[in-house]
Number of protein chains: 2
Amino acid sequence: MKETAKLFKALSDPNRLRILKMLEKRTLCVCEITDVLNLATSTVSKHLSILKESELIVEEKNGKWVDYSLNTTTENKRVKEFLNNLDLWIVDEQIVKIDYIAACCVDRNLVCCK
Amino acid sequence: MKETAKLFKALSDPNRLRILKMLEKRTLCVCEITDVLNLATSTVSKHLSILKESELIVEEKNGKWVDYSLNTTTENKRVKEFLNNLDLWIVDEQIVKIDYIAACCVDRNLVCCK
DNA sequence: TTTATATTTTGCTAAATAACGAAATGAAAT
DNA sequence: ATTTCATTTCGTTATTTAGCAAAATATAAA
């Protein structure tokens, strides 16, 4: 029961939902997500750890970057059901469309190094 | 986006999930739910208002009682998808089985009047 | 109309959460 | 080995939330 509540808690923050929709488009590193959401790096890192805790996303180290992507191969039934129907669960509002474009254009070599 | 987050926030509390599973069995009034969860009446009333806000449940006044039930006839796609697959989303742990029995046995004429 | 009682609202407290900046960590480049 | 830089962790603050008891509301019974 607590595990179920935890999954929904992970999904109960607008910025975390925006991250999931962005990752639907492509894999992103922390600084790229930070750039799109316009939040502090530490805040984004924390959001990502919460999503990872619930198995919604997975990370992969690539040199000095950590790439995050949707956990599409999970065995977790609820996560699988959710990720397979992202369009039902998270309706494409204006902000999602804007994030899609931003996420596609963002380049880690430009937005990092700050 | 905020609307979506709000639905998940409503689902992010263990006691609210227990309430939804109980209502799967049958319609219940506030004092019956209070008796099963062993919480203050005001706390349960607040939980119910949050679930109602997200269209997950509906209320019907019946004399001095207010009966709550799952909003199975909703037009809300996400709520419909969720309620139609309650068994997937909320796994039947021990506590749910106990609540089922308690919810079936509880009688408003005995547990109210306090 | 008065009393009884089911529910909601209000006011409060303790705990959880999202946000930030600064410090710590870890891996790549020099 | 040292520096650089992406990320995480830590410490703090403001806001939200779950819980309770008490007061307010609303409806049924007397």
Side-chain angles (χ1 to χ4, degrees), chain A residues 1-20 23 27-54 57-69 106-114, chain B residues 1-2 5-20 23 27-54 57-69 106-114:
Chain A
M1 188 62 69
K2 261 168 84 185
E3 191 64 22
T4 306
K6 194 174 152 190
L7 171 62
F8 291 128
K9 200 170 279 290
L11 296 171
S12 71
D13 180 274
N15 285 323
R16 287 197 287 272
L17 295 177
R18 286 174 68 186
I19 290 173
L20 291 175
L23 293 180
T27 290
L28 293 162
C29 70
V30 182
C31 63
E32 289 171 325
I33 296 169
T34 299
D35 184 70
V36 176
L37 294 183
N38 199 30
L39 291 171
T41 314
S42 56
T43 304
V44 172
S45 178
K46 177 69 177 163
H47 280 314
L48 289 166
S49 83
I50 290 169
L51 291 171
K52 199 173 61 179
E53 269 278 305
S54 289
I57 62 175
V58 289
E59 69 171 36
E60 189 191 355
K61 299 215 170 177
N62 273 325
K64 57 180 174 177
W65 287 287
V66 180
D67 284 322
Y68 285 92
S69 45
V106 77
D107 176 355
R108 67 188 57 185
N109 293 301
L110 296 176
V111 299
C112 298
C113 313
K114 277 178 182 168
Chain B
M1 188 62 70
K2 260 168 83 183
K6 195 173 150 191
L7 171 62
F8 291 128
K9 197 170 278 294
L11 295 171
S12 72
D13 180 274
N15 284 324
R16 288 197 286 271
L17 295 177
R18 286 175 69 187
I19 291 173
L20 291 175
L23 293 180
T27 290
L28 292 161
C29 69
V30 181
C31 61
E32 290 171 325
I33 295 169
T34 300
D35 186 70
V36 176
L37 294 183
N38 199 29
L39 290 172
T41 314
S42 56
T43 303
V44 172
S45 178
K46 178 68 177 164
H47 280 314
L48 290 167
S49 83
I50 290 169
L51 291 171
K52 199 173 61 179
E53 268 279 307
S54 289
I57 62 175
V58 289
E59 69 171 36
E60 188 192 356
K61 297 216 169 177
N62 273 325
K64 58 181 175 177
W65 286 288
V66 180
D67 285 322
Y68 285 93
S69 45
V106 78
D107 176 356
R108 67 187 58 184
N109 294 300
L110 297 175
V111 299
C112 298
C113 312
K114 278 179 182 169

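Order of the sequence lines fixes the chain letters, A, B, ..., with proteins taken first and strands second; residue numbering starts at 1 for each chain. Remember, it's a predicted structure, so these values are computed and weren't measured experimentally. As a basis for the values below, the full set of heavy atoms in this structure was taken, side chains included, without hydrogen atoms, waters or symmetry mates.
Following rounding to the nearest Å, A:Leu11 (CG) and C:dA18 (P) show an atom-to-atom distance of 12 Å. Spacing between atom CH2 of A:Trp65 and atom P of C:dT25 amounts to 23 Å, rounded to whole angstrom units. The distance between atom CG of A:Leu28 and atom P of D:dA6, rounded to the nearest whole Å, is 15 Å. Here the P atom of nucleotide D:dT7 and the CG atom of A:Leu51 are 16 Å apart, to the nearest Å. Distance CG (B:Leu110) to P (C:dT5): 14 Å, rounded to an integer number of Å. The interatomic distance linking B:Glu59 (CD) with C:dA6 (P) rounds to 17 Å, in whole Å. Computed from coordinates, the A:Leu48 CG to C:dA18 C1' distance equals 14 Å when rounded to whole Å.
Where B:Lys61 and A:Asp67 each meet DNA chain D at their nearest nucleotide, the meeting point lying more 5' is that of A:Asp67. Both A:Gly63 and A:Val44 sit near DNA chain C, but only A:Val44 has its closest nucleotide nearer the 5' end.
Checked against B:Tyr68 for a side chain to side chain contact (heavy atoms under 4.5 Å, CB included), the options B:Leu51, B:Ile19, B:Leu28, B:Val30 give a single hit: B:Val30.
For A:Lys64, taking side-chain heavy atoms from C-beta onward, the closest of the listed nucleotides C:dT7, D:dC5, D:dT7 is D:dC5.
Contact annotation: the side chain of B:Val111 never approaches that of B:Thr34 to less than 4.5 Å [non-hydrogen atoms, C-beta and beyond].
B:Glu32 contributes a side-chain N or O that, together with a main-chain N or O of B:Arg108, makes up a donor-acceptor pair within less than 3.5 Å.
With sequence neighbours excluded, no residue satisfies side-chain hydrogen bond (donor to acceptor under 3.5 Å, both in side chains) with B:Thr27.
For D:dA6, the OP1/OP2 oxygens have no side-chain nitrogen or oxygen of A:Tyr68 closer than 4.0 Å.
Applying the 6.0 Å contact sphere to CG of B:Asp107 captures more than 12 heavy atoms from other residues, nucleotides or ligands.
Counting only residues at least two apart or in different chains, salt bridge (charged side-chain N to carboxylate O under 4.0 Å, His left out) contacts with residues 4-14 of chain A comprise A:Lys6-A:Glu53.
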Across nucleotides 16-25 of chain D, 5' to 3', mark each nucleotide with B, S or - according to how protein heavy atoms within less than 4.0 Å reach it. -SSSBBB---

